[in-house]
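Structure first, commentary second.
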Amino acid sequence: MAEELVKVRQEKLQRLRERGIDPYPYRFERTHLAAEIKGRFGKLPPASRSGEEARVAGRIFSIRRMGRITFADLRDASGRIQLFLSRPVLGDEAYELFRELDLGDIIGAWGEVITTKTGELSLEVRGFEILAKALRPLPEKWHGLRDPEKRYRYRELDLLTNEKAHRVILDRSRIIRTMRGFLEERGFIEVETPILQPIPGGAAARPFVTHHNALDRDLYLRIAPELYLKRLLVAGYEKVYELGKNFRNEGISTQHNPEFTALEAYEAYADYHDAMELAEEMLCRCVEDLHGKLRIEYQGKEVDLSRPWRKVTLYELISDEFGLDPEAPLPELLSEMGRRGIEYPEHLARGPKGKVLEHLLELLEERLIGPTFVMDYPLDISPLAKRKRGNPELVERFELFIAGFEVANAFSELNDPEEQRERFLMQERLRAAGDEEAHRIDETFLRALEHGMPPAAGIGFGVDRIVMILTDSPSIREVIAFPLVGERR
RNA sequence: GGGUCGUUAGCUCAGUUGGCAGAGCACCGGCCUUUUAAGCCGGGGGUCGCAGGUUCGAUUCCUGCACGACCCA
């Protein structure tokens, strides 16, 4: 049992303490990362000595004991370096101490950089120090953790032992750094707005509810930062962005985690055409920085992000792909869909029509592999967007699809306070009719608009999905360090 | 919410047409001065996800539940 393996290690820990060794000391002075040693001494011929000393630290991943000599692999954040230990060089006492070590222990070691007879660059250990004793065994060395449940439940083990999983988190950091760098370069400032909100706004979604004890009132985890970011536009900040978590109380799938990372950016005096340009520039930079090219592969499909990206209106798309007339009144549209065998959930028949068009888009989005801006959405499902110039039934809004995923949503932001109130009232009617995802009226936001918000473009990116595409990850859980898992029984 | 599949040693996985539970890695003991999934000899380790049912006997068959994966809504 696991307890037995743990017990053996606890006994070793006890013996260390009895010998006056602190198994959890405070720091270790290292001179080289494993990769730095490879870089500096990689060309040493077999069976030679560099004459250089190095101090390394990391976790022991394998030990090969051969009697009076021992080989061990030490891994740090940069890579792997082999330790070579011989009883004569290390001395009997230290050699015996090393015999007590287990796979997974974290140690610091020092000695001369050498190559073995077979030519492997190694550290000939003169001395070592235990930096953290591991009480639990590592997963199997060859396969690592495979069981998806265990992988997510004990994610640190997964990230420690599965190289691909480990890589994704590094790539994620790099992508996010590129996004920040891009926006900072363009003069955006990073801001933080409330996660605890009295009225969850800015998106159509069901919120998580929580409670503030001292105020004795319910608060909601934000479903989007949008309304607060617009209030910062009112406040005179002209280019703002926020990168952070949103929370939506909805199902879990390969594309949905209840908490996910969004990047929202707002630029005064710009419209949704500018937002398209921004999206294209920013994402191309992320892809090029990570891959050095714009043609990448996602789950076996080629995704070509070369510019310019395709732009198509929602109506064109629906009419081209389904042969339907998106301008037709709702009953006519539904009966035409019925004739063509296009299924839809019953509640859509109650309207509004925009929801039906949105459903049709969902049916075909998996086919939008190359980057595609789908533009000009129905007004009734876009209560925060400005009407389209020349067509008051539509709004200036787009969603961006890449590799079949919706990765961004943007508008020319509605800044007319009276119209915004009308739109909220429309949403209230939908809510009254049973739509739990309908937007709620937010008087504080309306009051801010009444002070005047400059015309602006706003865009929100689904950061996790972007990371999925750029790291060829099949599930959103692969790109989140600790995705939500159920209660263990 | 519905369907399908899965859950066996710390890890990766076999297996039992219903009759003493298996391997590799890891662990423990022994040998070994050039290994790198080291090798050789010996050993320990299991509530077969949980709860019921059928049966002389259930890890195996049936039902329910939990957790997970995939598909559908």
Side-chain angles (χ1 to χ4, degrees), chain A residues 1-13 15 34 38 44-49 59-75 79-92 95-96 98-105 114-125 133-158 160-163 206 250-257 299 342-348 355 359 362-363 366 473-478 483-489:
Chain A
M1 272 180 80
E3 278 70 42
E4 277 187 32
L5 297 176
V6 171
K7 202 175 151 213
V8 167
R9 289 180 178 224
Q10 282 169 333
E11 284 162 7
K12 288 178 178 175
L13 181 78
R15 285 200 292 276
K38 291 232 161 87
L44 267 189
S48 53
R49 313 188 66 87
R59 193 185 291 273
I60 299 174
F61 267 85
S62 66
I63 302 178
R64 297 174 289 282
R65 304 180 204 275
M66 344 264 317
R68 278 193 268 301
I69 63 167
T70 293
F71 297 94
D73 291 330
L74 188 84
R75 260 203 241 163
R80 184 194 81 99
I81 182 79
Q82 178 169 270
L83 303 181
F84 172 80
L85 305 98
S86 80
R87 185 183 273 273
V89 172
L90 194 54
D92 288 346
Y95 197 81
E96 285 304 314
F98 197 87
R99 267 171 50 86
E100 288 268 288
L101 295 189
D102 289 299
L103 297 188
D105 286 353
I114 61 158
T115 52
T116 63
K117 283 181 190 170
T118 57
E120 171 138 6
L121 193 62
S122 306
L123 188 72
E124 185 186 66
V125 178
K133 177 74 192 163
L135 294 180
R136 289 182 183 277
L138 288 173
E140 206 242 10
K141 65 181 167 190
W142 196 237
H143 301 96
L145 281 187
R146 280 280 180 79
D147 181 349
E149 181 181 345
K150 283 175 186 145
R151 285 189 56 214
Y152 296 127
R153 198 175 293 285
Y154 308 114
R155 194 78 203 287
E156 60 283 344
L157 281 185
D158 181 38
L160 176 64
T161 56
N162 291 345
E163 207 180 313
R206 293 163 67 173
E250 291 164 1
I252 297 175
S253 77
T254 51
Q255 284 181 65
H256 299 86
N257 196 63
Q299 301 295 297
I342 302 168
E343 292 181 13
Y344 56 90
E346 224 170 277
H347 70 267
L348 286 186
K355 292 233 173 197
H359 172 71
E362 276 168 23
L363 293 180
E366 65 177 2
S473 298
S475 163
I476 196 168
R477 307 180 113 197
E478 290 295 323
L484 189 68
V485 285
E487 205 49 38
R488 190 168 62 128
R489 291 312 205 73

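Note on naming: letters A, B, ... go to the chains in the order of the sequence lines (proteins, then strands), and numbering restarts at 1 for each one.
- Among the heavy atoms of the strands lying under 4.0 Å from A:Thr254 are primed sugar atoms or P, OP1, OP2 only; no base atom is included.
- With both ends at atom P, the span from B:rC48 to B:rU34 equals 45 Å, rounded to whole Å.
- Taking atom C1' in both B:rC20 and B:rA37, one finds a spacing of 33 Å when rounded to whole Å.
- The pair A:Lys150-A:Asp158 fails the salt-bridge criterion, with no side-chain N (NZ, NE, NH1 or NH2) lying under 4.0 Å from an Asp/Glu carboxylate O.
- Candidate nucleotides B:rA26, B:rU36, B:rC11 were compared by shortest atom distance to the side chain of A:Glu120, and B:rU36 ranks first.
- Listed pair A:Lys150 / B:rU12 meets the phosphate criterion, a side-chain N or O lying under 4.0 Å from OP1 or OP2.
- Side-chain to base pairing of A:Thr118 with B:rU36: one donor and one acceptor N or O lie within less than 3.5 Å of each other.
- Taking 3.5 Å as the limit, the base of B:rU35 and the side chain of A:Thr116 contain a donor-acceptor pair of atoms between them.
- For the pair A:Ser475 and A:Asp147, both in contact range of RNA chain B, the more 5′-proximal nearest nucleotide belongs to A:Asp147.
- You'll find that the side chain of A:Glu149 is closest to B:rC67, out of B:rA38, B:rC67, B:rC27.
- Both A:Gly144 and A:Ile69 lie close to RNA chain B; mapped to their nearest nucleotides by heavy-atom distance, the more 5′-ward contact belongs to A:Gly144.
- Taking atom P in both B:rG24 and B:rG42, one finds a spacing of 12 Å when rounded to whole Å.
- Rounded to an integer number of Å, the gap from A:Ile63 CD1 to B:rU33 C1' is 17 Å.
- A donor and an acceptor atom never sit less than 3.5 Å apart when one is taken from the side chain of A:Arg68 and the other from the base of B:rU33.
- Within 4.0 Å of A:Arg9, counting heavy atoms only, lies no atom of the nucleic acid at all.
- Applying the ring-ring contact (aromatic ring centres under 6.0 Å, His included) test to A:Phe71 and every residue at least two apart in sequence or in another chain returns A:Phe84.
- Remark: the separation of the C1' atoms in B:rG46 and B:rC70 is 30 Å, to the nearest Å.
- A gap of 9 Å separates the C1' atoms of B:rC32 and B:rC40, to the nearest Å.
- Cation-pi check for A:Arg80 over A:Phe61 is not met; the charged atom does not lie both under 6.0 angstrom from the ring centroid and within 45 degrees of its normal.
- Nucleotides B:rG22 and B:rU60 place their C1' atoms 15 Å apart, quoted to the nearest Å.
- Within the nucleic acid shown, A:Leu157 has no heavy atom closer than 4.0 Å to any nucleic acid atom.
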Would you check, one step at a time, whether the test side-chain contact (heavy atoms from CB on, under 4.5 Å) holds for A:Val125 with A:Thr70? CA-CA 10 Å; A:Val125 178; A:Thr70 293; over 6 Å; no
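- B:rA73 sits 33 Å from B:rU12 when the P atoms are compared, rounded to a whole Å.
- Backbone-only engagement by A:Lys141 is indicated by non-hydrogen atom pairs under 4.0 Å involving sugar-phosphate atoms exclusively.
- A 3.5 Å limit on both hydrogen-bonding distances identifies B:rC11 as the Watson-Crick or G-U partner of B:rG24.
- From A:Glu4, atom CD reaches atom CD of A:Gln10 across 12.5 Å, with rounding to the nearest 0.5 Å.
- A distance of about 45 Å separates the P atoms of B:rC28 and B:rU63, rounded to the whole Å.
- For A:Arg99 and B:rC28, the CZ to P distance is 10 Å, given to the nearest whole Å.
- When rounded to the nearest whole Å, the span between CG of A:Leu44 and C1' of B:rU34 equals 16 Å.
- For the pair A:Glu478 and A:Arg151, the minimum side-chain heavy-atom distance is below 4.5 Å.
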